[in-house]
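Here is the structure we will look at, set down as structure tokens.
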Amino acid sequence: MNITLPDGSIRELAQGSTGLDLANDIGPGLAKAAVAVVVNGSQMDLCDPIETDSEVSIITINSNDGLEIMRHTLTAQVLARAIKNLYPTAKLAIGPTIEDGFYYDFATETAISSDDLPKIENEMRNIIASGDLINKSLNTKKDAIKAFKSKKEEYKIAIINESEQADDFQIYQQGDSDFIDLCRGPHLPSLEHIGAFKLTKVAGAYWRGKSENEMLTRIYGTAWNNDKDLAAYLNRMEEAEKRDHRKLGKEMDLFHFQDEAPGMVFWHPNGWTIYRELQNFVRKRLVDNGYVEINTPQVIDRKLWEASGHWDKYRENMFITEIDEEHANEKRINALKPMNCPGHVQIYNQGIKSYRDLPLKFAEFGSCHRYEPSGTMHGLMRVRAFTQDDGHIFCTEDQIESETGLFIKFLSSVYADLGFKSFDIKLSTRPQMRVGSDEIWDKAELALETAIKNLGYPYKIDEGDGAFYGPKLDFVLTDAIGRDWQCGTFQLDFNLAERLDAEYVGEDGKKHIPVMIHRAILGSFERFIGILIENYAGKLPLWLAPRQVVIASITSDVNSYVNEVASLLKELNVRVETDTRNEKISYKVREHSTSKVPVIMVIGKKEMEERTISIRRLGSNENTSYSLNDIVEQIAQESKDSSNIQEL
RNA sequence: GCUCAUAUAGCUCAGUCGGUAGAGCACUUGCUUGGUAAGUAAGAGGUCACCGGUUCAAGUCCGGUUAUGAGCUCCA
């Protein structure tokens, strides 16, 4: 049979030759590095026979695929075997690879804590030291079930039973150990290829990922080809931890949380300054893009939420208020608004709208409350009270495409100014739990996809992830250390306007139902500020920095000049503070640097005599001297410039 | 909501075998007036998250509650 290699060359091998035979045929070095093969596009073990003419490429340990296979073998073979050695009654579930590593889920009789990880790692190293060969057998369904029944591996049996496969269940086994595991493979040919690894954490995870199922123990780990790569990864994790907005928020005195209001932010003066600056920035952009700002009530009678459909779907997650009125016939139940859209429709419904009024774009910095499950809260990123840069576009079906284009343009300019140069687009389609007929959903999905296709933006489809009222586009930005954040959203809604009786008079003089588009660019201010803090590692661009300038004196003789400079800057609305404390200049510089003040002005006798200022910028240890008149103007201008973020 | 863990000074943390709490930084005061990431000395600061139990005695052991953390589930 003929084997075609990736470079197009063809080798002739006996029928039934394996990937290893092929590697050996090409060269001994390759055979040594080979860990698996790709035959006609699918990965196979090195020991699998190839029966017909095929296109084959060899996966070596140093490739990305090789690393992935190594991680897979490390979890499904080594970690699982170590667990069975240490906890013989443990029951194995699944052990896949994930980004940068792997995990394994299993059930144990005794709880495993992170203190046990070193012990498990040791056992793994012992197993790896054996250098065992990894063998594979193909089994019928019956035999496979029998094999795992004798081991009391009920999760494996469940997996086999639910498989559509008739036979060829792959069971892997190492050397002469009696550990076996079911796996779709491929695996390393032997344990010798395992590189550097570390078990990182232990946590709970539901069997099959369903919250109604029992909780299994999950052990996470990371694995790399060598110690250097492992160290680099661990270093990356440490760097990410240093950027944690909860830690920086404390250090920079931005906000706090407390028990009496879980998931709700107490903004301190510094944090609230960032919030206000960001909001003013967005407000200006909204006006530039044809939106009108409105405001709607916080507390609204349940009747409106019933009409909108929210009461039905999300009542569990709404904060409810009851007022005890002694003589009222009926207790009135209100909800704190979890969304702004029903309120916006109420404003739309005031007065008769004509097609000439469309598209009508309402914007609101809408404060919403949602009773998020206790385990989901996370700093500013997931809270129970938040403010969206919300907006609703009321338009005709014909206007969807142009509105989509205008929105994406708007969003990308906002992201660029905030320092995020690129974003991905995701199209989410109808979910299981939804309102509206399939006919309407067909129309909505088609409209959105057509719009984005015609505009030529690349996008991915996320089946079933749409909102309950319509399909949506989500915008995912990438931060300075490569993490993804879903922020912007653009959601078509062919349902709510009809439910809440919104109409317009068309050219034909008849009444029509407008399309409603829910849209946000930042998402929530709370979360977006968290993202900004982490993206900039606290070193916010000047216009967003709570304290933009600190003027530090060297000796008390210059205090009058310090105050003079400060009042000049204040007059130009620069957020400036003076530091005339009786401390050494290095002490002051250190303190203001650690609290992330972007501009430190240092003033001593020399500056006062020459009417200059020495400036030290955050992240640099150079000082530059400027004449007073020039620099005050320049800093004032720079401090208001929300475009063209300087590179970090 | 689920699993596991954690909760001690403003912050970061120590506190052994159950015997009435300790460090560094920050804060206040004194000395120090100095040239770009920590000058120096002293002082003040705590109902050990909350409720209950065991015990002669609980920061420490046990139970519950609340909050937080990691992950899972969820996220209009």
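So that the names make sense, note that chain A is the first sequence line, chain B the second, and so on, each numbered from 1. Only this structure's heavy atoms are used, side chains among them; waters, hydrogens and symmetry mates stay out.
- Looking only at atom types and distance, the side chain of A:Ser524 has no donor-acceptor partner in the side chain of A:Gln388 under 3.5 Å away.
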note = Given Watson-Crick and G-U pairs under 3.5 Å, RNA chain B in dot-bracket ([ ] crossing, | other strand) is (((((((..((((.....[..)))).(((((.......))))).....(((((..]....))))))))))))....
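- Residue A:Met381 contributes atom CE, which lies 16 Å from atom P of B:U68 at whole-angstrom precision.
- Here A:Ser374 reaches the OP1 or OP2 of B:G1: one of its side-chain N or O atoms lies under 4.0 Å away.
- Nearest-nucleotide assignment on RNA chain B puts the 5′-proximal partner with A:Thr217, out of A:Thr217 and A:Asn621.
- For the pair A:Gln258 CD and B:U68 C1', the interatomic distance rounds to 13 Å; values are reported in whole Å.
- A donor-acceptor pair shorter than 3.5 Å can be found between the side chains of A:His256 and A:Gln258.
- For the residue pair A:Asp474/A:Thr489, the side-chain donor-acceptor check at 3.5 Å is satisfied.
- Distances from the side chain of A:Pro262 to the nucleotides B:A38, B:A67, B:A37 place B:A67 closest.
- Residue A:Gly379 is classed as a sugar-phosphate contact, given heavy-atom separations below 4.0 Å to backbone atoms only.
- Scanning both residues, A:Pro342 and A:Trp305, for their nearest heavy atoms gives CG-CZ3, 3.4 Å.
- When only modelled atom types and interatomic distance are considered, A:Ser620 and A:Glu622 share no side-chain donor-acceptor pair under 3.5 Å.
- Taking atom C1' in both B:C61 and B:A37, one finds a spacing of 46 Å when rounded to whole Å.
- Side-chain polar atoms of A:Trp207 and A:Asp105 form no donor-acceptor pair below 3.5 angstrom.
- Across B:A49 and B:U6, the matching C1' atoms stand 11 Å from one another, rounded to whole Å.
- In the model, A:Thr594 has no side-chain atom that pairs as donor or acceptor with a side-chain atom of A:Glu251 under 3.5 Å.
- Nucleotides B:G59 and B:G22 place their P atoms 14 Å apart, quoted to the nearest Å.
- Nucleotides B:U68 and B:G30, compared at atom C1', are 41 Å apart to the nearest Å.
- For B:U66 and B:C50, the C1' atoms lie 7 Å apart once the distance is rounded to whole Å.
- Side chains of A:Thr478 and A:Asp484: a donor-acceptor N/O pair is present below 3.5 angstrom, by distance only.
- Residue A:Tyr587 places none of its side-chain N or O atoms closer than 4.0 Å to OP1 or OP2 of B:G35.
- The C1' atoms of B:U20 and B:C48 are separated by 12 Å, rounded to the nearest whole Å.
- The separation of B:G15 from B:A23, taken at their P atoms, amounts to 15 Å, rounded to a whole angstrom.
- Checking A:Ser553 against A:Lys250, the closest nucleotide of RNA chain B that is more toward the 5' end is the one next to A:Lys250.
- Note: A:Ile461 CD1 to A:Ile425 CD1 = 12.5 Å, rounded to the nearest 0.5 Å.
- Other residues, nucleotides and ligands contribute more than 12 heavy atoms inside 6.0 Å of the CD atom of A:Glu212.
- Going from the C1' atom of B:U54 to that of B:G43 covers 41 Å, rounded to whole Å.
- When rounded to the nearest whole Å, the span between CZ of A:Phe266 and P of B:A67 equals 13 Å.
- Taking atom CE of residue A:Met601 and atom C1' of nucleotide B:G35, one finds them 17 Å apart after rounding to whole Å.
- Distance from the side chain of A:Arg246 is smallest for B:A70 among the nucleotides B:C27, B:U36, B:A70.
- Within the 4.0 angstrom heavy-atom criterion, base atoms lie near A:Lys606.
- For A:Glu121, the CD atom is densely surrounded, since the number of other residues' heavy atoms within 6.0 Å is greater than 12.
- Within 4.0 Å (heavy atoms only), A:Ile554 reaches at least one base atom of the nucleic acid.
- When rounded to the nearest whole Å, the span between CG of A:Asp244 and P of B:G69 equals 9 Å.
- Residue A:Ser114 is classed as having no contact, given no heavy-atom separation below 4.0 Å to the nucleic acid.
- In this structure, CD1 in A:Ile613 is found 4.5 Å from CE in A:Met601, a value given to the nearest 0.5 Å.
- Among the heavy atoms of the strands lying under 4.0 Å from A:Glu607 is at least one base atom, whether or not backbone atoms are also near.
- Between the P atom of B:U12 and the NZ atom of A:Lys242 lies a distance of 17 Å, rounded to the nearest Å.
- Ring-centre distance between A:Tyr469 and A:His518: below the 6.0 Å cut-off.
- When the C1' atom of B:U33 is taken as reference, atom CZ of A:Arg581 falls 15 Å away, rounded to whole Å.
- Considering only side-chain atoms of A:Asp259, the nucleotide from B:A37, B:A67, B:G35 that sits closest is B:A67.
- Counting to the nearest Å, the P atom of B:G35 and the CZ atom of A:Arg616 are 15 Å from each other.
- Within 6.0 Å of atom CD in A:Glu162, more than 12 heavy atoms from other residues, nucleotides or ligands are found, so the atom counts as buried in its surroundings.
- Applying a 4.0 Å cut-off to non-hydrogen atoms, none of the residues of residues 521-534 of chain A approaches RNA chain B.
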note = Readout for nucleotides 71-76 of chain B: B = base within 4.0 Å of protein heavy atom, S = sugar-phosphate only, - = neither; 5' to 3' it is BBBBBB
